[in-house]
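One structure is given below, encoded as structure tokens.
Naming convention: chains lettered A, B, ... in sequence-line order (proteins, then strands); numbering from 1 in each chain. These figures come from a predicted structure and were not determined experimentally.
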Amino acid sequence: MGSRDSEMEGQENILQEIFDNFLRGSTVFKRREALRHDYVPDSLPHREDHIRHLAEILAPALRGSLCSNVLIYGKTGTGKTAVTRFVSKKLAERAEVLGSSLKICFVNCRIAGTQYRVLSALCSEIGLRVPFTGLAVGEVFDRFKQALDSRQVLLIAVLDEIDTIVRNRGDALLYELTRANANLQNGKLSILGISNDLRFKELLDPRVMSTLSEEELVFGPYNADELQNILEARARIAFEDNVLKQGAVKLCAALAAAEHGDARRALDLLRVAGELAERNGDKHVSEDHVRRAEKRIEHNRVAETIKTLPTHSKIVLLSVYLLNRSNINRSATGDIYNLYSELCAELGFGSLTQRRVSGLINELDVIGLLNSRVTSLGRYGRTKKTSLAVPHKIVRDGFLEDDRFRGMVDYTPRYLSSSL
DNA sequence: CGTCCACAGGAATGACGGGCGG
DNA sequence: CCGCCCGTCATTCCTGTGGACG
């Protein structure tokens, strides 16, 4: 560790630079928050049709009538949440002017986590206080309906990422919510569900499904040109004038378009590119910054996933990584399993069965760390061929950030030397 | 053209831990 | 507070299968 001193000195300099830059004020950003995905801009390019459609569906609420339940589908970064927030904001403003008793409650089901917390969020929106815990869900629900009725509220419940509570907890809450209107005299309840999962329908009881999706909106992905327009509009708000090079925006749009047309990803790329430029003291944000931003985001994502992976999944991933390092880039399950067993012994863990490891490989495939697909080698059997889904180096760096597995990235497998 | 490899992946079952209702 | 129930993880046992080889 002879380099420790110069390392410290380097860090010292870096810190000074960060502080200096910060005190000088940002030279790159005007309003960085315009690039965050929870920012609701004044206009949403290429979503005019959806905005109009949704507004038409919800408009009856202004006259105090019940409006149709709506289900909104679309992959991440297609503007579902933004359009909903935009329309509901305008709607609420108008209701305010009219003195209507319309309330709109926005709940993210994934963040809320449980049915109870979703329900308690709805309660607090209509001014009903419920305990954090301790009450049965049914009891809270009764109080909720009672309050809706006695206060004569028309509530639009926006349930974002609605598929997550159904997946984890079943559709009991949704079933109750969709039937609530039947027992209400004065209050009214409409539900607006937002789902990332296009197969969400299949998880639902058909009765719930039919009431929930009186109206349906499907958000398709953006193409590169649309993404570019979106980015340009946001960039004008977020960046100082003449900081952003023309090619940078274009590249962000192209990269995100190649990956499901995800606007969230495009905005992240642009923001991180800006941050890199700023940190570097550069006057302009260039294509090069965008490329580095792409690597940075991928690196963070992988490192973060590896860190939170269960131990045995880590060992499976490590096995594929080590095989890859030995120039075996598409490994058979049997080979992975043998190396996995060796690593378990080496690290002092008991090893799982091959059946289970096969399952873990599939899970890692779903998360996007591995690619695996079944192939037949005829006489020589039938297996899954598995490879890393992300660049070797990024996986390596990910393991280097993991305390327990840091030491294993350069491990030489015994299993290989015996079989090759 | 049948065989047979090397697994895939479904079903049933068990161990465990955490939350919920009474 | 306790017992029960439910979800998760893992094992065991099993049937299914694409295609190179003989």
Side-chain angles (χ1 to χ4, degrees), chain A residues 109-123 130-144 161-177 197 199-200 202-205 305-320 323-324 328-345 347-389 404 413 415-416 418-420:
Chain A
C109 299
R110 184 176 49 80
I111 292 170
T114 65
Q115 299 192 354
Y116 188 94
R117 284 199 285 254
V118 171
L119 200 48
S120 84
L122 295 180
C123 288
V130 292
F132 294 107
T133 177
L135 290 179
V137 180
E139 168 66 18
V140 179
F141 194 72
D142 287 342
R143 291 196 197 179
F144 170 68
E161 306 195 44
I162 195 173
D163 44 317
T164 56
I165 45 164
V166 176
R167 205 184 312 282
N168 299 331
R169 308 280 166 158
D171 51 14
L173 176 68
L174 288 183
Y175 181 71
E176 294 295 332
L177 284 176
D197 187 351
R199 297 162 306 150
F200 171 60
E202 297 162 19
L203 298 171
L204 279 182
D205 185 320
T305 349
I306 289 179
K307 223 174 283 177
T308 56
L309 232 40
T311 310
H312 287 280
S313 297
K314 278 185 202 176
I315 302 176
V316 170
L317 179 64
L318 183 63
S319 306
V320 181
L323 288 165
N324 173 282
I328 303 168
N329 41 22
R330 297 182 66 234
S331 335
T333 304
D335 292 332
I336 296 172
Y337 185 69
N338 286 332
L339 180 49
Y340 158 84
S341 304
E342 179 185 333
L343 289 169
C344 282
L347 292 161
F349 293 106
S351 60
L352 305 176
T353 55
Q354 177 157 332
R355 176 70 187 87
R356 182 62 189 133
V357 167
S358 171
L360 291 180
I361 292 173
N362 288 343
E363 286 171 24
L364 289 167
D365 182 314
V366 171
I367 314 175
L369 288 179
L370 294 181
N371 283 324
S372 88
R373 67 169 219 267
V374 295
T375 38
S376 174
L377 298 102
R379 174 91 277 199
Y380 307 105
R382 192 173 128 87
T383 180
K384 269 194 302 242
K385 285 288 192 179
T386 303
S387 59
L388 294 177
R404 179 118 70 157
Y415 161 69
L416 282 180
S418 65
S419 81
L420 292 182

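For DNA chain B, the neighbouring residues in residues 380-387 of chain A, judged by any heavy atom under 4.0 Å, are A:Y380, A:G381, A:R382, A:T383, A:K384. Scanning residues 305-320 of chain A for heavy-atom distances under 4.0 Å to DNA chain B yields an empty list. Contacts between residues 361-370 of chain A and DNA chain C, counted as heavy-atom distances below 4.0 Å, involve no residue at all.
Pairs engaging residues 354-369 of chain A under the salt bridge (Lys or Arg N to Asp or Glu O under 4.0 Å) rule: A:R356-A:E363 [sequence neighbours left out]. For residues 369-383 of chain A, no pair satisfies salt bridge (Lys or Arg N to Asp or Glu O under 4.0 Å), with sequence neighbours left out.
By the side chain to side chain donor-acceptor pair (under 3.5 Å) test, A:Y340 pairs with A:H312, sequence neighbours left out. Taking the side chain to side chain donor-acceptor pair (under 3.5 Å) definition, one finds that A:N362 meets it with A:K384, sequence neighbours left out. With sequence neighbours excluded, no residue forms a salt bridge (Lys or Arg N to Asp or Glu O under 4.0 Å) with A:R330. Evaluation of the side-chain contact (heavy atoms from CB on, under 4.5 Å) rule for A:L347 yields A:I315, A:F349, A:F405, A:M408 as partners, not counting sequence neighbours. Residues satisfying the side-chain contact (heavy atoms from CB on, under 4.5 Å) criterion with A:A332, sequence neighbours excluded, are A:D335, A:T383.
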What's touching nucleotides 15-17 of chain B from the protein side, N or O pairs under 3.5 Å?
none

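Side-chain nitrogen and oxygen atoms of A:S358 include at least one within less than 4.0 Å of the OP1 or OP2 phosphate oxygen of B:dA8. Distances shown here put every side-chain N or O of A:T353 at or beyond 4.0 Å from the OP1 or OP2 atom of C:dA10.
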